[in-house]
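Structure, as structure tokens:
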Amino acid sequence: MSMRTLARFTGCVSALALCGLAPVAQAQIASADTQVDNSEIVVTARGRNEALQSAPVAITAFSTRALEDARIKGVGDFIGITPNISIVQSQNAGNSFVTIRGISQVRNGESPIAVVTDGIQQISPRQFTSDLFDVQQIEVLRGPQGALYGRNAIGGAIIITTKQPTNEFHADAQISVGNGDDYRGQLSVSGPIVQDKLLFRLAGSARNFGGLLHNVYLGKTVDWVHDRNVRGQLKAFLTDTLTADLRASYSHTKAIGDQFQYQPAKFESDTSCFLDATNPFGGPAPDADSVSRRFCANNRGHNVRRLTDISLKLQNEADWGTVTNVLSYINIREYLEGDQFPYTASRNVYGTDGTQTQLETVKAVQNDFRIASPDSGAFRWMAGAYILSTRRFISSTTGEDNGLGITDITTAPKYSDAANPTLSYLADHNRNLAYAFYGNVAYDLAEGLEASFAFRYDHDRRHQIIDPFSSAGVPTGCTTPGADACSRVANFSKAQPKFTLRYRASPALTLFADWGVGFRSGQFNQAGAASAANLPGAFDLARQESAETTEAGFKTTLLDGRLKINGTAFYTVDKNPFYFLFVGAVGAQILVNVDKVHLYGGEVEVMFTPVKGLDFFGNYGFTHSEIRKFTFNTADVGNWAPYIPRDSGSIGAQYRFPVTDSMNLFARGEMEHHGKQYWDPENATARSAFQLINLHGGIEAENGRWSLTAFVRNLTDKKYNAEFVSGGFVQPASPRTWGAELRTSF
């Protein structure tokens, strides 16, 4: 199908510079010309170059050096040491749920954050969990950023900037080995094709992981992963003012999928994987703190994800301002198959414990165009427009398990398949169109006092075409694909203003306050899911969400720059946040709305360098949540909202000191704190607070050309559930991992 795009004016999605966790990270950025002086870093969170400690935004960020020191390989690694943000990763490669300041993502739902990589916004949560490699910096913005970053920035934004092409030949390489037969490699090469005119960068990563969690019935691991990624970039300086940046990437992940446990399942014995035929669901009551690393499904499952994106960025810088246009194409395909609830070696028990599959494909084109005034001057402005055209198909099935494996189901059911006949099939095509217009202005009212205003209007048109071959939810008259009776349309829109005041009381103290509105589009549930579940309050359409946030904060620098303390406090009224329901008997996955939730809390971050080479760092975030209205179940009013950790944070230290003129020793230790968390509005069971300890250390060249280090994550091998779904569906988190890594640059 054809996809049409139009221009977009925007002043805020250029790649962000970083702010380090400690001065050790700042040194890396100085080489990239992003420092104001020897002790301060420049960020562009508002689309402008400004010092980190004076930017009126709650930011946690990681430089190249900080990413290496903390050994950040995936999104969960940096989220785990960032306050007031958490992530759940389970089920399949593209499945993850982010919660930031109490604004949560749920399965099959849109993200509460805008994720921007090299100026390209991710359009699907399935992109978020791809491997992090050859990264220059990562920046996490908390609070509503919708006026700047768009419809899914209701809770914040994450900006990822990869390393850019260089005018001299350069290469970086890393290899590592770890327990569970974990082998990783990364390689990047950069240099000129035509000196000063045309530059290139090519980077890739690969991982083979044998797994650490085992299916005792099959005698095989359930967390096996093979992952391959490649990214290329060409940067051309067409004139003195005009540059062109062509970027393409491809990711291919193969894994074992859909490996859950059902806690109420009762087995014949403690060592059996077969259900007790007389009382198959008479097992323990659901408990989010109950953890088992024992899997029993007779189907190992299978998961394949492919991600492709291509983008072209044109930018012209003139004396009066800058014009930027970014056009991108994204193609996503993920297939998942596995055992059905209750995930045991028994088959077809009371219409369950069969098989299930899901396929999702997404093709999208987006265009982003903006104009901006120069950074200097008392009055600064930006304006922009954006459009996104998406084609999405999703199918979900259940099947009869004849012990002969799982038949791939993509775009049509196989009711007569001898090995694995389809029992239920839900499918729909989605043709969505989103567009926005926005801009911002900032004015210096007096010395040290700035007022800024940003505004964005988003419109999102959702068009769902129900597959007439679906086994439920097919409207009357929907008999052939594309028929009008198969079609339903919903429109969602929202104006998102944001006001900010900043006062620089002194060069060492910045105060700021802001008020803003964020927006997350509503969406259709998969056709037939709500009717198949037959639950009151579950509908085909989930309403749009909006959040109104008031925030105040400070940033201070003390002891000649050796001590930095940043803090924020916020209050949010969240209307129509999403909640996920799963009905295992029919494989129904449904989104419903909690009508209103109130949230308040804050964060504090401290970075201290008492002597050169020794860094202490810590942060803490707290979020209080309360359900104020819930039509689906009024008895839940007053409870904590689901998915939201009460608090989070980390504390640690690292020491880098020379042992010879050319070699350093490096040691780092940190403890992550993950707070108590409910998983349902009923507050039926909570996962208690827990801590994880990570260590990293070794030797390195003083000039940074090589390093040899050892690492361990989850040192104490803490057992906890990565995810708990109401009713007792759980997936345990990964055990302790350890290994060694060699890195070199030349």
Side-chain angles (χ1 to χ4, degrees), residues 1-8 10 13-15 75 92-96 98 105 108-111 113-135 149-153 157-162 203-205 227-234 245-253 304-314 324-336 358-369 385-394 429-436 458 460-463 520-521 523:
M1 297 181 181
S2 64
M3 296 187 184
R4 300 183 180 274
T5 60
L6 56 87
R8 173 190 181 189
T10 177
V13 293
S14 57
V75 293
N92 53 280
N95 194 58
S96 66
V98 173
Q105 177 184 355
N108 300 334
E110 301 277 1
S111 174
I113 53 175
V115 181
V116 181
T117 302
D118 292 337
I120 311 301
Q121 186 161 335
Q122 294 183 1
I123 55 92
S124 169
R126 295 183 187 273
Q127 298 173 264
F128 186 47
T129 52
S130 55
D131 196 32
L132 292 175
F133 65 99
D134 204 40
V135 174
Y149 295 100
R151 62 196 174 104
N152 282 342
I158 293 178
I159 312 302
I160 301 172
T161 303
T162 64
S205 72
D227 188 51
R228 305 289 186 267
N229 305 274
V230 63
R231 180 171 60 240
Q233 186 176 2
L234 290 174
D245 197 333
L246 179 64
R247 179 182 182 275
S249 67
Y250 176 75
S251 175
H252 182 273
T253 305
V304 178
R305 178 185 63 175
R306 297 185 181 94
L307 308 172
T308 304
D309 71 76
I310 303 171
S311 65
L312 176 63
K313 176 181 178 180
L314 297 173
T324 305
N325 189 82
V326 182
L327 173 67
S328 63
Y329 167 78
I330 301 98
N331 190 335
I332 303 167
R333 186 184 194 276
E334 184 161 19
Y335 178 76
L336 171 69
Q358 186 173 81
L359 170 71
E360 182 176 12
T361 63
V362 179
K363 294 182 180 180
V365 174
Q366 60 181 341
N367 198 77
D368 169 14
F369 181 79
Y386 168 80
I387 191 167
L388 167 66
S389 178
T390 305
R391 299 291 182 266
R392 173 178 176 263
F393 172 79
I394 184 170
H429 300 263
N430 298 268
R431 302 172 181 176
N432 303 329
L433 180 67
Y435 62 85
D458 273 279
D460 194 357
R461 182 180 186 270
R462 300 290 178 112
H463 180 193
R520 180 160 46 176
S521 179
Q523 64 184 82

Please give me the minimum heavy-atom distance between [X] and [Y], naming the atom from each residue.
{"X": "Val75", "Y": "Leu132", "value": "N-CD1, 3.8 Å"}
{"X": "Asn432", "Y": "His463", "value": "OD1-N, 3.3 Å"}
{"X": "Gln127", "Y": "Ile330", "value": "NE2-CG2, 3.8 Å"}
{"X": "Ala203", "Y": "Asp134", "value": "CB-OD2, 3.5 Å"}
{"X": "Ala364", "Y": "Thr390", "value": "CB-OG1, 3.9 Å"}

Partners meeting side-chain contact (heavy atoms from CB on, under 4.5 Å) with Ser311 (sequence neighbours left out):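 Applying side-chain contact (heavy atoms from CB on, under 4.5 Å) to Ser311 gives Ile120, Arg247, Ser328.
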Applying side-chain contact (heavy atoms from CB on, under 4.5 Å), name anything that partners Ala153, two or more places apart in sequence or on another chain.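 Per chain and number, Ala153 pairs via side-chain contact (heavy atoms from CB on, under 4.5 Å) with Ala114, Gln145, Tyr149.
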My understanding is that only residues two or more places apart in sequence, or in another chain, count here; which of them pass side chain to side chain donor-acceptor pair (under 3.5 Å) with [X]?
{"X": "Thr129", "answer": "Arg305"}
{"X": "Ser130", "answer": "none"}
{"X": "Asp458", "answer": "Arg456, Gln496"}
{"X": "Glu360", "answer": "Arg126, Arg392"}

Would you please name every residue forming a ring pair (Phe, Tyr, Trp, His ring centres under 6.0 Å) with Tyr335, sequence neighbours left out?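 By the ring pair (Phe, Tyr, Trp, His ring centres under 6.0 Å) rule, Tyr335 matches no residue at all.
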Donor-acceptor contact present, side-chain [X] to main-chain [Y], <3.5 Å:
{"X": "Glu334", "Y": "Gly94", "answer": "yes"}
{"X": "Arg520", "Y": "Glu110", "answer": "yes"}
{"X": "Asp118", "Y": "Thr162", "answer": "yes"}
{"X": "Gln233", "Y": "Ala248", "answer": "no"}
{"X": "Gln523", "Y": "Gly109", "answer": "no"}

Listed by chain and number, what are the salt bridge (charged side-chain N to carboxylate O under 4.0 Å, His left out) partners of [X], not counting sequence neighbours?
{"X": "Asp227", "result": "none"}
{"X": "Asp460", "result": "Arg151, Arg462"}
{"X": "Arg231", "result": "none"}
{"X": "Asp245", "result": "none"}

Could you go through Val304 and His252, starting from their C-alpha distance and side-chain angles, then the distance that decides it, and tell me whether this counts as side chain to side chain contact (heavy atoms under 4.5 Å, CB included)? CA-CA 7 Å; Val304 178; His252 182 273; 3.9 Å; yes
Give the C-alpha distance, both sets of side-chain angles, the deciding distance and a yes or no for side-chain hydrogen bond (donor to acceptor under 3.5 Å, both in side chains) between Asn367 and Asn325. CA-CA 7 Å; Asn367 198 77; Asn325 189 82; 2.9 Å; yes
Pair Ser205, Asn229 - check side-chain hydrogen bond (donor to acceptor under 3.5 Å, both in side chains), show working. CA-CA 5 Å; Ser205 72; Asn229 305 274; 3.1 Å; yes
Where do Asn331 and Ile310 land on the side chain to side chain contact (heavy atoms under 4.5 Å, CB included) test, with the steps shown first? CA-CA 9 Å; Asn331 190 335; Ile310 303 171; over 6 Å; no
